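Everything numeric in this text was worked out from a predicted model, so none of it was measured.
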Amino acid sequence: MQLRLPRLRRSGAEWSQLRDVETLPRRRLTLVLGLAVGLATLPLVLLYLLLVLSSFADHMLSGPDIFTARYSLDNWRLLLEGRLEPAAGRLYTARYLAAIVLNTFIVALGVTAVVVAASVMAGYAFSRMRFPGRRRLMELIILLHAFPGVALIIAVYAIYVWSLGAVPRDAVTGYRFLYTILARAALEIPMSIWLMKGFFDKIPWEVEWSALVDGASRLRAFWQIVLPQVKPGIAALSIFAFLAGWEDLIYVHVFLYTGGIKTLATFIEEVVGNIETAYLPVAAAAGTLYLLPTIVFFIITQRLLLEAASGGVKG
């Protein structure tokens with residue numbers, strides 16, 4: 001014998017009222033959070049807006065004078081001609097500026113390659129393999145991320161000086177790049193391992209196991225079955241690592257700048273440091289040029305970054 005429960009029939013007005021009750025608090029919460037985030041980021045947005053506008057203005061803008069300034073592309077033309085410090089009579093050639101941009105890309109892409117390779121392999125191992133001390137080792141790795149890079153710079157520099165004696169003189173420049181890339185990547189790898197582990201944890205073991213039963217090797221199953229499913233995580237990881245290498249100032253200053261090798265970060269720091277001779281609107285154009293890759297990356301990869309944020313981390 002089956003019991004039939006009476007079905008509740010609600011009118012359209014009642015359903016509409018219930019829907020409003022369920023969604024209204026969420027809308028208010030979203031509105032409050034949006035206003036809070038907007039107010040918190042407003043000063044930063046305004047400063048970046050002034051920097052971009054100053055790169056087109058006839059003087060460095062400070063706020064209300066944005067409506068009285070005269071705008072043109074002269075600053076960008078002067079930047080490409082290397083006229084950042086006209087008062088000091090110092091000119092940079094376009095080839096010199098191109099070399100600085102190339103140095104920045106070498107560091108950024110090198111950090112990206114090292115971080116992605118190390119984090120993907122380590123994240124897969126921590127997600128799939130069970131070995132003694134695994135939990136403690138994971139805790140130690142995340143503890144390493146807590147140490148600021150500035151606190152480690154003395155020890156890293158001591159190792160650099162000690163190892164520099166074994167490097168042939170002709171290879172010193174390449175070694176400077178390599179050491180900078182490895183040192184900067186080491187700061188990003190701990191958190192990146194946890195991020196990738198979270199992505200690998202979301203893939204059921206049965207998917208990989210079925211490939212092994214069908215005759216695929218462990219390496220082939222990893223390359224053809226597992227790796228394509230964590231592409232959003234790898235893409236997001238690449239973006240974060242690239243930005244870390246692109247924006248780095250401390251390690252680049254210690255290991256490259258002291259050897260006469262400049263990146264955009266150290267170049268802008270040098271120009272702004274000579275504030276008495278630098279033409280600041282041109283320096284603002286250089287700063288805007290420095291921002292362009294990061295802005296383009298974030299606009300193109302917003303969806304991947306959101307997927308990475310929702311990937312989570314499982315212990």
Does [X] [atom1] have over 12 foreign heavy atoms under 6.0 Å away?
X	atom1	value
Arg130	CZ	yes
Ile154	CD1	no
Arg220	CZ	no
Tyr71	OH	yes
Tyr157	OH	no

Heavy atoms, side chains only, cut-off 4.5 Å: are [X] and [Y] in contact?
X	Y	result
Leu187	Asp248	no
Leu227	Val120	yes
Ile234	Met196	yes
Phe267	Leu97	yes
Thr258	Arg176	yes

Nearest 0.5 Å, what's the [atom1]-[atom2] distance between [X] and [Y]?
X	Y	atom1	atom2	answer
Asn103	Ile261	CG	CD1	6.5 Å
Leu47	Thr41	CG	OG1	11.5 Å
Glu188	Leu195	CD	CG	11.5 Å
Lys202	Lys197	NZ	NZ	13.0 Å
Gln229	Lys231	CD	NZ	10.5 Å
Thr104	Glu247	OG1	CD	11.5 Å

Any idea how [X] and [Y] line up, ring-wise: parallel (<30°), tilted (30 to 60°), or perpendicular (>60°)?
X	Y	answer
Phe200	Tyr124	perpendicular
Trp209	Trp205	tilted
Phe126	Phe131	tilted

Return the minimal non-hydrogen interatomic distance between [X] and [Y], and the atom names on each side.
X	Y	value
Ile181	Val111	CG2-N, 3.5 Å
Asn75	Ala57	ND2-O, 2.6 Å
Thr112	Ala108	OG1-O, 2.7 Å
Pro190	Ile141	CB-O, 3.2 Å
Leu51	Gly287	CD2-C, 4.3 Å
Ile268	Ala286	CD1-O, 3.6 Å

May I ask whether [X] and [Y] are part of the same hydrophobic cluster, defined by side-chain heavy atoms of I, L, V, M, F, W, Y residues being less than 4.5 angstrom apart, directly or through others?
X	Y	result
Leu46	Val52	no
Met121	Val230	no
Ile159	Ile153	yes
Val226	Trp223	yes
Tyr175	Trp162	no

*List the steps and the verdict of side chain to side chain contact (heavy atoms under 4.5 Å, CB included) for Met60 and Leu50.*
CA-CA 8 Å; Met60 199 66 188; Leu50 287 176; over 6 Å; no

Looking at [X] and [Y], would you say the former's side chain and the latter's main chain have a donor-acceptor pair under 3.5 Å?
X	Y	value
Ser54	Leu61	yes
Ser163	Tyr160	yes
Tyr290	Trp246	yes
Ser127	Gly123	no
Tyr179	Val156	yes

*Trace of the side chain to side chain contact (heavy atoms under 4.5 Å, CB included) decision for Trp76 with Thr288*: CA-CA 10 Å; Trp76 286 90; Thr288 304; 3.8 Å; yes

*Decide yes or no on side chain to side chain contact (heavy atoms under 4.5 Å, CB included) for Phe177 and Phe255, but give the supporting numbers first.*
CA-CA 8 Å; Phe177 275 104; Phe255 300 116; over 6 Å; no

_If the condition is salt bridge (charged side-chain N to carboxylate O under 4.0 Å, His left out), which residues does Arg128 pass it with, not counting sequence neighbours?_
Glu208

